[in-house]
Protein chains: 2
Amino acid sequence: MDELVFDVFARNCTSRETMEHATGRWGTLALVALLDGTTRFNALRRRVDGISEKMLSQTLQALERDGLVLREARPTIPPHVEYSLTGLGTDVAKQLHTLVELLESRMPEVMTAREAYDAR
Amino acid sequence: MDELVFDVFARNCTSRETMEHATGRWGTLALVALLDGTTRFNALRRRVDGISEKMLSQTLQALERDGLVLREARPTIPPHVEYSLTGLGTDVAKQLHTLVELLESRMPEVMTAREAYDAR
DNA sequence: CGGTATCCGTACTGATACTG
DNA sequence: CAGTATCAGTACGGATACCG
């Protein structure tokens, strides 16, 4: 029988890998940005401040491979490529969005905690 | 006036930093593990398969500084140190736990998507 | 426009050894 | 037990240049 390959706490765990794609530095931002709807590559790049072309490309590829993001390219000149969320991607993105909002609303607490921590 | 320092999409954003601590490779696992209750350093280390002492230490320090984790040390010999979640930490951890469960329950979809992606 | 290829620095990571 | 210190490898990330 298979081992618990979906248990995040296990070292060689498939879901851990996908979690990292979704919750990683750029994954979260890309997914949440896509909640606004279908978006083109460079629009996403402008939205996610600070991301490089390379990282956006890599991030989107990982998310597409995991079935969270859908990539649709029209063979026109110049190229027109649109990214959107799949059903699963939408669910994950919503969850991440909730987390982002939770954290943003409570950043004052975080700042206070940091000051206390740094004080000693 | 201040800029929108809590807007994750902004490059120099404080919440982005905290998000990365919470959703990073080890942050998520540490937080979710702590949902089971107060835990000692080495117990946590055993629970989070694959984490090194160094990374666990660094992760916990970052989370403690952000006010997500509480560290309590008894000055005994040998040392006895307990880690637990703060109120904010609990909220964040629950959110992450939901995300983990969502993803684990839908890993079959992910696996299918990967096969399709790799096929072409 | 939407990428890929290449280069290159640094920051992260894990072993290992050591300490109170 | 609960860490810190040190070190070496690597993978991440950004800048630049280039292509269809």
Side-chain angles (χ1 to χ4, degrees), chain A residues 9-13 16-30 33-34 38-66 69-84 117 120, chain B residues 8-13 16-30 33-34 37-66 69-84 117 120:
Chain A
F9 287 115
R11 198 194 316 263
N12 270 4
C13 161
R16 198 140 121 178
E17 209 180 315
T18 303
M19 269 297 288
E20 281 165 27
H21 295 154
T23 67
R25 184 165 183 196
W26 302 119
T28 305
L29 297 174
L34 284 172
T38 298
T39 316
R40 298 180 64 174
F41 186 85
N42 277 316
L44 264 161
R45 183 155 148 58
R46 282 187 294 274
R47 185 77 204 282
V48 181
D49 189 25
I51 195 169
S52 65
E53 291 179 1
K54 183 185 172 183
M55 283 304 103
L56 181 55
S57 178
Q58 283 185 15
T59 301
L60 290 171
Q61 277 175 34
L63 295 175
E64 188 195 356
R65 191 171 102 95
D66 287 347
V69 160
L70 184 66
R71 177 183 185 275
E72 287 172 297
R74 293 187 211 151
T76 57
I77 295 176
H80 186 99
V81 182
E82 293 184 336
Y83 292 91
S84 55
Y117 184 94
R120 46 101 292 162
Chain B
V8 267
F9 286 116
R11 195 196 317 263
N12 270 3
C13 162
R16 198 140 122 179
E17 208 180 314
T18 302
M19 271 296 289
E20 281 166 27
H21 295 154
T23 65
R25 183 164 182 199
W26 302 118
T28 305
L29 297 174
L34 284 172
T38 299
T39 315
R40 299 181 64 176
F41 187 86
N42 277 315
L44 224 41
R45 183 155 148 56
R46 281 187 295 275
R47 184 78 202 283
V48 181
D49 191 24
I51 195 170
S52 65
E53 291 179 2
K54 184 183 170 184
M55 283 305 104
L56 180 55
S57 179
Q58 282 185 15
T59 301
L60 289 171
Q61 278 175 33
L63 295 175
E64 187 196 357
R65 191 171 105 93
D66 287 347
V69 160
L70 185 65
R71 178 185 183 273
E72 286 172 298
R74 294 187 210 153
T76 58
I77 295 173
H80 185 98
V81 182
E82 292 185 336
Y83 292 89
S84 55
Y117 184 94
R120 48 103 290 161

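Here is the naming used below: chain letters follow the sequence lines, and residue numbers restart at 1 for every chain. All of these numbers come straight from a predicted model, not from anything done at the bench.
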(message) For Ala62(B), give me all partners under side chain to side chain contact (heavy atoms under 4.5 Å, CB included), at least two apart in sequence or on another chain.
(response) His21(B)
(message) Rounding to an integer number of Å, can you tell me how far Leu44(B) CG sits from dA2(D) C1'?
(response) 12 Å
(message) For a quick check, with a 4.0 angstrom heavy-atom cut-off, what is the B/S/- contact string for nucleotides 13-20 of chain D, read 5' to 3'?
(response) BBB-B--B
(request) Using the test side-chain hydrogen bond (donor to acceptor under 3.5 Å, both in side chains), find all partners of Arg45(A) that sit at least two apart in sequence or belong to another chain. (result) none
(request) First locate atom OH of Tyr117(B), then atom CD of Gln61(A), and finally report the distance between them rounded to the nearest 0.5 Å. (result) 4.5 Å
(message) What's the angle between the local helix axes at either end of the helix from dC1(C)-dG20(D) to dG20(C)-dC1(D), using five pairs per end and rounding to 10 degrees?
(response) 50°
(request) Determine yes or no for a side-chain-to-main-chain donor-acceptor pair under 3.5 angstrom, with Arg47(A) supplying the side chain and Phe9(B) the backbone. (result) no
(message) Base, sugar-phosphate or nothing for Glu82(A)? Non-hydrogen atoms, less than 4.0 Å.
(response) nothing
(request) Indicate whether OP1 or OP2 belonging to dA2(D) is found under 4.0 Å from a side-chain N or O atom of Ser57(B). (result) no
(message) Holding to side-chain hydrogen bond (donor to acceptor under 3.5 Å, both in side chains), I want the full list of residues that pass it with Ser84(B), two or more places apart in sequence or in another chain.
(response) none
(message) For chain A and DNA chain C, what are the first and last nucleotides along the strand, 5' to 3', with at least one atom under 4.0 angstrom from a heavy atom of the protein chain?
(response) dC1(C) to dC7(C)
(request) Only counting residues at least two apart or in another chain, list the ones meeting side-chain hydrogen bond (donor to acceptor under 3.5 Å, both in side chains) with Arg40(A). (result) His80(A)
(message) According to salt bridge (Lys or Arg N to Asp or Glu O under 4.0 Å), does anything in residues 69-81 of chain A pair up with another residue at least two apart or in another chain? List the pairs.
(response) Arg74(A)-Glu82(A)
Show me the donor-acceptor pairs within less than 3.5 Å that the side chains of residues 22-30 of chain B make with the rest of the protein, sequence neighbours left out.
| residue | atom | partner | partner atom | Å |
| --- | --- | --- | --- | --- |
| Thr23(B) | OG1 | Thr23(A) | O | 2.9 |
| Thr23(B) | OG1 | Met19(B) | O | 2.7 |
| Thr28(B) | OG1 | Ala22(B) | O | 3.2 |
| Thr28(B) | OG1 | Thr23(B) | O | 3.3 |
| Thr28(B) | OG1 | Gly24(B) | O | 3.4 |

(message) Just to verify, what does Glu53(A) make a salt bridge (Lys or Arg N to Asp or Glu O under 4.0 Å) with, not counting sequence neighbours?
(response) none
(request) Determine the contact category for Arg74(A): base if any of its heavy atoms lies under 4.0 Å from a base atom, sugar-phosphate if only primed atoms, P, OP1 or OP2 are that close, otherwise nothing. (result) nothing
(request) Measure across Met55(A) and Thr59(A) and return the closest heavy-atom pair with its distance rounded to 0.1 Å. (result) O-OG1, 2.6 Å
(message) Mind checking if Arg45(B) touches a base, just sugar-phosphate, or nothing, with heavy atoms under 4.0 Å?
(response) nothing
(request) Quickly work out the Glu17(A) CD to dA11(D) C1' distance and round it to whole Å. (result) 15 Å
(request) Using side-chain hydrogen bond (donor to acceptor under 3.5 Å, both in side chains) as the criterion, list what pairs up with Asp49(B), not counting sequence neighbours. (result) Arg11(A)
